[in-house]
Amino acid sequence: MAFSKALNTSLRTALENDPKVLVMGEDVGKLGGVFRITDGLQKDFGEERVIDTPLAESGIIGTAIGLALRGYRPVTEIQFDGFVFPAYDQIVTQLAKMHARALGTVKLPVVIRIPYGGGIGAVEHHSESPEALFAHVAGLKIVSPANPSDAYWMLQQAIECDDPVIFLEPKARYWDKGEVDTTAIPGPLHRARVIRPGTDLTLAAYGPTVKTALAAAQAAEEEGRSLEVVDLRSISPVDFDTLQGSVEKTGRLVIVHEAPVFFGAGAEVAARITERCFYHLEAPVLRVGGFHAPYPPARLEEEYLPGLDRVLDSVDRALAY
């Protein structure tokens, strides 16, 4: 099924299985969301469980916090990545801190779904990658699926989690299709996964850039190079053990993400892997990502986003050492 359909099916399953699960956000009900992720849910589950909210992101998250305190499991949607910032205060000062503030007696099972990233030719404020801003905040879990199967299962696991989860959906992948086994037993939510074995270099990515990394590995194979691709899946926490195992085998690491490289998630990964794998590394850990500049107009985004050529250029640099 398509990535978007997998998310819709996952939400439907959660609503069916637990009467305390609620879906709420701007246009998620009658319209079914701007990407139709919630299509048909209000019709089947009613306006009290699939709730069209005012255009007020701070109010959406504040209401979700109150509902969670009363035993509900709200799944909120921020319509576009760049719209999350009015709710940033609620997320980092209330949602992320409440568990610690209550000395562990309060749980806040809130999921914040955020379509993020570029590649769809959108206008300003519709193509942001804010994951590093949230990863710096203790108390939040942050994940990003890269394929329909993970979209289905990771959303299920996020909804079942008693901690707040930022669920980042790569909007450019909404139309990608793949196999989804809704009866499978999923692996741990925050476990990275080696999705293509290799011996010469490790490519690490998450969310929208996993497909780019796989394409780079395929192109490199035609030149006689064997690249291992690791889908991190989780940004906070990061499964450094799986990544370390790969880097100890290959001796080289290139990290790919759409967000700006400067102070990005890749910087933390590079630092940790350098500490853990110093005597195994044959080259510096390299990063490929967006530039330290505001996201550009749609006709320039292809130059901004880390495409195949930029990834392969970093692969060449790492292998040249």
Below 4.5 Å, heavy atoms only, C-beta onward: do [X] and [Y] meet side chain to side chain?
X    : Y    : result
K177 : K5   : no
V34  : F80  : yes
F263 : H292 : no
F134 : Y88  : yes

I'd like to know if [X] pairs up with [Y] as an ion pair, taking the criterion as any Lys NZ or Arg NE/NH1/NH2 lying under 4.0 Å from an Asp or Glu carboxylate oxygen.
X    : Y    : value
D176 : K211 : yes
R310 : E303 : no
E268 : R272 : yes
R49  : D18  : no
R193 : D239 : no
D163 : K141 : yes
R276 : D241 : yes
D39  : K30  : no

Do side-chain atoms of [X] reach the backbone of [Y] as a donor and acceptor pair under 3.5 angstrom?
X    : Y    : answer
S314 : L286 : no
R287 : V261 : yes
E228 : G198 : yes
W153 : P148 : no
S236 : I142 : no
N8   : I37  : yes
S10  : A6   : no

Please say whether more than 12 non-hydrogen atoms of neighbouring residues, nucleotides or ligands are located less than 6.0 Å from [atom1] in [X].
X    : atom1 : answer
Y304 : OH    : yes
K249 : NZ    : yes
R191 : CZ    : no

Grab the two heavy atoms, one from [X] and one from [Y], that are nearest each other, plus how far apart they are.
X    : Y    : answer
A146 : G207 : CB-O, 3.5 Å
Y295 : E301 : OH-OE1, 2.5 Å
P86  : S58  : O-CB, 3.4 Å
A87  : I61  : CB-CG1, 3.6 Å
P306 : V311 : O-CG2, 4.4 Å
H190 : S234 : ND1-OG, 2.8 Å

Quiz prompt | D309/D313 under side chain to side chain contact (heavy atoms under 4.5 Å, CB included): CA gap, chis, key distance, verdict | solution = CA-CA 6 Å; D309 289 342; D313 178 65; over 6 Å; no

So, taking the atom named [atom1] in [X] and the one named [atom2] in [Y], what distance separates them when rounded to the nearest 0.5 Å?
X    : Y    : atom1 : atom2 : value
L227 : R252 : CG    : CZ    : 11.0 Å
T63  : I51  : OG1   : CD1   : 9.0 Å
E26  : E57  : CD    : CD    : 4.0 Å
S129 : L168 : OG    : CG    : 8.5 Å
L243 : F240 : CG    : CZ    : 7.5 Å
I273 : H280 : CD1   : NE2   : 11.0 Å

Hey, any chance [X] and [Y] share a hydrophobic cluster, counting ILVMFWY side chains that come within less than 4.5 Å of each other, even indirectly?
X    : Y    : result
L232 : L253 : yes
F3   : L214 : no
V143 : I78  : yes
L15  : M1   : no
L55  : V50  : no

Quiz item: After noting the C-alpha distance and the side-chain angles of N147 and S149, does the key distance pass the side-chain hydrogen bond (donor to acceptor under 3.5 Å, both in side chains) rule?
Solution: CA-CA 6 Å; N147 58 70; S149 181; 4.5 Å; no

Side-chain donor-acceptor contacts of residues 109-124 below 3.5 Å, not counting sequence neighbours, with atom names and distances?
| unit_1 | atom_1 | unit_2 | atom_2 | d |
| --- | --- | --- | --- | --- |
| R113 | NE | E169 | OE2 | 2.5 |
| R113 | NH1 | E77 | OE1 | 2.9 |
| R113 | NH2 | E77 | OE1 | 3.3 |
| R113 | NH2 | E169 | OE1 | 3.2 |
| R113 | NH2 | E169 | OE2 | 3.4 |
| Y116 | OH | S144 | OG | 2.8 |

Quiz item: So, F83 versus H126, ring centres under 6.0 angstrom or not?
Solution: yes

Self-check item: Evaluation steps, side chain to side chain contact (heavy atoms under 4.5 Å, CB included), between L22 and V75
Solution: CA-CA 6 Å; L22 306 174; V75 182; over 6 Å; no

Quiz item: Under 6.0 Å from the six-membered ring centre of Y152 and within 45° of its axis: does the NZ or CZ of R12 meet both?
Solution: no

Quiz item: Does the pair V230 and I195 meet the rule for a side chain to side chain contact (heavy atoms under 4.5 Å, CB included), with working shown?
Solution: CA-CA 6 Å; V230 177; I195 56 175; over 6 Å; no

Quiz item: With respect to V254, which candidate in T202, L203, L319, L312 satisfies the side-chain contact (heavy atoms from CB on, under 4.5 Å) definition?
Solution: L203

Quiz item: Do the ring planes of W175 and F35 sit parallel (below 30°), tilted (30 to 60°) or perpendicular (above 60°)?
Solution: perpendicular

Exercise. Identify which one of E258, R233, E131 satisfies the side chain to side chain donor-acceptor pair (under 3.5 Å) criterion when paired with Y206.
Key: E131

Quiz item: Can R196 and D231 be said to form a salt bridge (charged side-chain N to carboxylate O under 4.0 Å, His left out), step by step?
Solution: CA-CA 9 Å; R196 180 186 173 111; D231 180 357; over 6 Å; no

Quiz item: Given the rule in the side chain to side chain contact (heavy atoms under 4.5 Å, CB included) test, do F167 and L7 qualify, once you have shown the distances and angles that lead to the verdict?
Solution: CA-CA 11 Å; F167 193 86; L7 292 169; 3.8 Å; yes

